Amino acid sequence: MPGRLPRGARARAPPVGLTDHCRSPNVLDIRLLRTELERIVANLARRGYVLAVDRFTDLERRRKETQVTVDALRNERNTRSKAIGQARARGAEIAPLLAEVETLGSRLSAAEQALTALQAELDALLFDVPNLLHDSVPLGADDTANVEVRRHGEPRRFDFEPADHVALGERLGGLDLDAAGRLSGARFSVLSGPLAALHRALAQFMLDLHTREHGYREVYVPYLVSRPTMTGTGQLPKFEADLFRVAGEPERFLIPTAEVPLTNLAADRILAAAELPLRFVAHTPCFRSEAGSHGKDTRGLIRQHQFDKVELVQIVRPADSYQALEELTGHAERVLQRLDLPYRVIALCAGDIGFGSAKTYDLEVWLPGQGRYREISSCSNCEAFQARRMLARWRNPDSGRPEPVHTLNGSGVAVGRALVAVLENGQQADGSVSVPAVLRPYLGGVERLAPP
RNA sequence: GGAGAGGUGGCCGAGUGGUCGAAGGCGCUGGACUGGAAUUCCAGUAAUACCCACAAGGUAUUCGUGGGUUCGAAUCCCACCCUCUCCGCCA
């Protein structure tokens, strides 16, 4: 296969959904696939993913053969073409030399076509393969096997029946789901007045916390991105149905999370060791089609087509990525701690973990209105999975060579759900809501939101 | 949206069909010189895939992207993307 990633190779997306810089099968480490196939198969099986081993082995073997053939034919062409050039420069007769290469062109293009086809098949196969799991990931097929790692805070005892955020919001006069329905349809919301301000205060508080205390750099990013960008972080080609694609040319998708633009900041780059770790934080809206979630969480703000999130992304040296995951999770936890919200940390099990992640912690916040913990943050170490797709590398001083970085992301945290949690946890019997102390400076000192 | 110019290695920049992966310069690395440094001089300085032990060595590919012409393309043709300048419009 020819050069993987020339500079600026992000122009136009090829048909299959493979991008210029994702053309290599390096979705998993191709060397691992060749040398430790059994271990990989076993690891993927923990997710319940069955790797088509025979098909892969066969395709890879044929690809290699074909590539050797192509290389040899090209070598012959180059050699002979040079000879023709030299002969002509000498003024020698070149007709016999031309006759020698007569069939070369067709043989070469046949072999090249075969190679392209094989490569496309391999890509299609490998772009579907999820990341390998870290050894510490709990076994299990679905969310019932997730493991609680720790809890923080005690769910508050109410001496009245706690309302849910929809009732609270409507009573406060700042949540209008009907209006959103008229404007856009289901799963959208209109916030106004104190609720809109509280929403903004939450985002701003989170940004300030992460930039001032956790060492993140605040970034403003595009909300519309290209197909190669979506492919780099793993949303494409497999999960196109989950995304909103906007009409028109050039093709663009609405981001489902700021992880996409933030992580792709490292795409196509070879970072100096001294630049690492990179820590980015961004507050953006997120757009998700929620295909396949019909009937789930239809009430209120929990599951929306559009919601705001403060996202944390780290680009780190591979050796540091698991410590970074613990730290990043702690950064997200700090948000909930400062807001005085009870939560627990869950280690996702093999069957529940996301496509590109090697290990994930979910933060679940206590929602009195539902009487249960609900996800409010998800913190993942993607190891080199995304880095290989997007060719995000660093110059390893030990080897002197460019090697994939490790990428991590985590919500720090989902703003909409944080709003839900603040409303429900802070509610009083009279329908008012007490504002967490850390948010008051953002609200002109207001301590309590009361119904009009 | 209209008109024009342009996209070459980490950067600048030469190169309009033939040993061009690409002159020259800058930067960087190593060495010489020095008490140390500067200056100067010498050498080196891409990525990816494949063969192979991820060694040495070799082959292929990459001059915005894709396609075409040709024995041979950075160089010719087509389409697209992007950048810059001017005009229009606009936050």
Side-chain angles (χ1 to χ4, degrees), chain A residues 1-16 18-27 29-36 59-109 111-116 118-120 122-123 126 220 222 224-229 231 248-252 267-275 318 384 387-404:
Chain A
M1 205 56 227
R4 298 307 183 202
L5 185 61
R7 289 152 293 109
R10 334 188 91 222
R12 191 175 190 76
V16 203
L18 309 179
T19 72
D20 295 291
H21 65 250
C22 301
R23 199 175 292 154
S24 88
N26 283 357
V27 177
D29 187 336
I30 192 73
R31 291 202 176 89
L32 270 185
L33 266 170
R34 289 198 285 255
T35 58
E36 298 188 52
L59 278 173
E60 173 62 7
R61 180 183 53 75
R62 283 158 61 203
R63 189 198 112 260
K64 228 185 259 187
E65 279 174 17
T66 312
Q67 177 156 354
V68 171
T69 306
V70 167
D71 281 0
L73 286 171
R74 282 177 175 159
N75 181 233
E76 190 179 344
R77 180 200 62 195
N78 292 346
T79 311
R80 289 182 183 274
S81 291
K82 264 180 194 173
I84 291 172
Q86 287 166 353
R88 226 180 56 144
R90 285 195 310 269
E93 182 63 54
I94 61 168
L97 292 173
L98 286 176
E100 284 176 24
V101 293
E102 208 178 334
T103 64
L104 197 57
S106 60
R107 279 188 292 152
L108 177 57
S109 69
E112 280 176 335
Q113 276 175 32
L115 181 60
T116 305
L118 283 167
Q119 189 69 55
L122 258 180
D123 285 348
L126 291 174
Y220 173 80
L224 288 166
V225 299
S226 66
R227 180 173 287 270
T229 300
T231 307
E249 280 288 318
E251 182 180 50
R252 286 193 179 108
D268 294 339
R269 299 199 53 202
I270 300 176
L271 298 158
E275 290 180 82
R388 270 190 220 99
R389 292 180 157 237
M390 66 175 69
L391 244 59
R393 293 169 293 175
W394 71 303
R395 179 85 53 187
N396 183 345
D398 293 336
S399 67
R401 302 194 55 77
E403 297 172 6

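Chain naming here is simple, since letters A, B, ... match the order of the sequence lines and numbering starts at 1 in each. Since we're looking at a predicted model, the values are computed, not measured.
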Do [X] and [Y] have side chains that approach each other closer than 4.5 Å (heavy atoms only, starting at C-beta)?
{"X": "Asp71(A)", "Y": "Arg74(A)", "value": "yes"}
{"X": "Leu104(A)", "Y": "Arg107(A)", "value": "yes"}
{"X": "Arg63(A)", "Y": "Leu115(A)", "value": "yes"}

At under 4.0 Å, does any side-chain N or O of [X] touch on OP1 or OP2 of [N]?
{"X": "Arg63(A)", "N": "C50(B)", "value": "yes"}
{"X": "Arg77(A)", "N": "U61(B)", "value": "yes"}
{"X": "Lys64(A)", "N": "C51(B)", "value": "yes"}
{"X": "Arg393(A)", "N": "A47(B)", "value": "no"}
{"X": "Asn78(A)", "N": "U19(B)", "value": "no"}
{"X": "Asn75(A)", "N": "U59(B)", "value": "no"}

(request) For Val68(A) and for Arg395(A), locate the closest nucleotide of RNA chain B by heavy-atom distance; then report the residue assigned to the nucleotide nearer the 5' terminus. (result)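 It is Arg395(A) whose nearest nucleotide is closer to the 5' end.
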(request) Let me know, please, whether Glu76(A) or Pro250(A) comes out on the 5' side of the other along RNA chain B by nearest nucleotide. (result) Glu76(A)
Quick one: [X] [atom1] to [N] [atom2], roughly how many Å, whole number?
{"X": "Arg389(A)", "N": "U48(B)", "atom1": "CZ", "atom2": "P", "result": "19 Å"}
{"X": "Leu97(A)", "N": "G18(B)", "atom1": "CG", "atom2": "P", "result": "18 Å"}
{"X": "Leu115(A)", "N": "U61(B)", "atom1": "CG", "atom2": "P", "result": "12 Å"}
{"X": "Arg269(A)", "N": "A46(B)", "atom1": "CZ", "atom2": "C1'", "result": "16 Å"}
{"X": "Glu65(A)", "N": "A60(B)", "atom1": "CD", "atom2": "P", "result": "20 Å"}
{"X": "Met390(A)", "N": "A47(B)", "atom1": "CE", "atom2": "P", "result": "21 Å"}
{"X": "Leu108(A)", "N": "G72(B)", "atom1": "CG", "atom2": "C1'", "result": "12 Å"}
{"X": "Arg61(A)", "N": "C50(B)", "atom1": "CZ", "atom2": "P", "result": "16 Å"}

Using the [atom1] atom on both, measure [N] against [M] and round to a whole Å.
{"N": "G2(B)", "M": "C11(B)", "atom1": "C1'", "answer": "34 Å"}
{"N": "A46(B)", "M": "U39(B)", "atom1": "P", "answer": "24 Å"}
{"N": "C26(B)", "M": "A38(B)", "atom1": "P", "answer": "16 Å"}
{"N": "U61(B)", "M": "A74(B)", "atom1": "C1'", "answer": "14 Å"}
{"N": "A5(B)", "M": "C89(B)", "atom1": "P", "answer": "24 Å"}
{"N": "C63(B)", "M": "G17(B)", "atom1": "C1'", "answer": "15 Å"}
{"N": "G4(B)", "M": "G88(B)", "atom1": "C1'", "answer": "15 Å"}
{"N": "U75(B)", "M": "G7(B)", "atom1": "C1'", "answer": "15 Å"}

Checking [X] now: which residues fulfil side chain to side chain donor-acceptor pair (under 3.5 Å) with it, not counting sequence neighbours?
{"X": "Glu65(A)", "value": "Arg61(A)"}
{"X": "Arg77(A)", "value": "none"}
{"X": "Asn396(A)", "value": "Glu403(A)"}

Of the candidate nucleotides [options], which contains the atom at the shortest distance from the side chain of [X]?
{"X": "Gln67(A)", "options": "A47(B), A60(B), C50(B)", "result": "C50(B)"}
{"X": "Asp71(A)", "options": "A47(B), C71(B), U59(B)", "result": "U59(B)"}
{"X": "Arg74(A)", "options": "A47(B), U61(B), U48(B)", "result": "U61(B)"}
{"X": "Arg252(A)", "options": "C82(B), C50(B), C71(B)", "result": "C82(B)"}

(request) Output all residues satisfying salt bridge (Lys or Arg N to Asp or Glu O under 4.0 Å) with Glu36(A), sequence neighbours left out; order by chain, then residue number. (result) Arg39(A)
Of all heavy-atom pairs between [X] and [Y], which one has the smallest distance, and what is that distance?
{"X": "Pro404(A)", "Y": "Pro318(A)", "answer": "O-CG, 3.6 Å"}
{"X": "Pro402(A)", "Y": "Arg395(A)", "answer": "CD-NH1, 3.7 Å"}
{"X": "Arg252(A)", "Y": "Leu224(A)", "answer": "CD-CB, 4.0 Å"}
{"X": "Ala87(A)", "Y": "Leu97(A)", "answer": "CB-CD1, 3.8 Å"}

(request) For RNA chain B, produce a single dot-bracket line, 5' to 3'. Pairs: Watson-Crick or G-U wobble, both distances under 3.5 Å. Symbols: ( ) within strand, [ ] crossing, | other strand, . unpaired. (result) ((((((((.[[[..)..(.....]]]((((((.......))))))((((((.....)))))).[[[[[..)....]]]]])))))))....
(request) Give me the residues of residues 84-96 of chain A where at least one heavy atom lies under 4.0 Å from an atom of RNA chain B, by number, or none. (result) Ile84(A), Gly85(A), Gln86(A), Arg88(A)
(message) I'd like to know if the side chain of Ser81(A) reaches the main chain of Asn78(A), judged simply by a donor and an acceptor atom lying under 3.5 Å from each other, with no hydrogens or angles considered.
(response)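 Absent.
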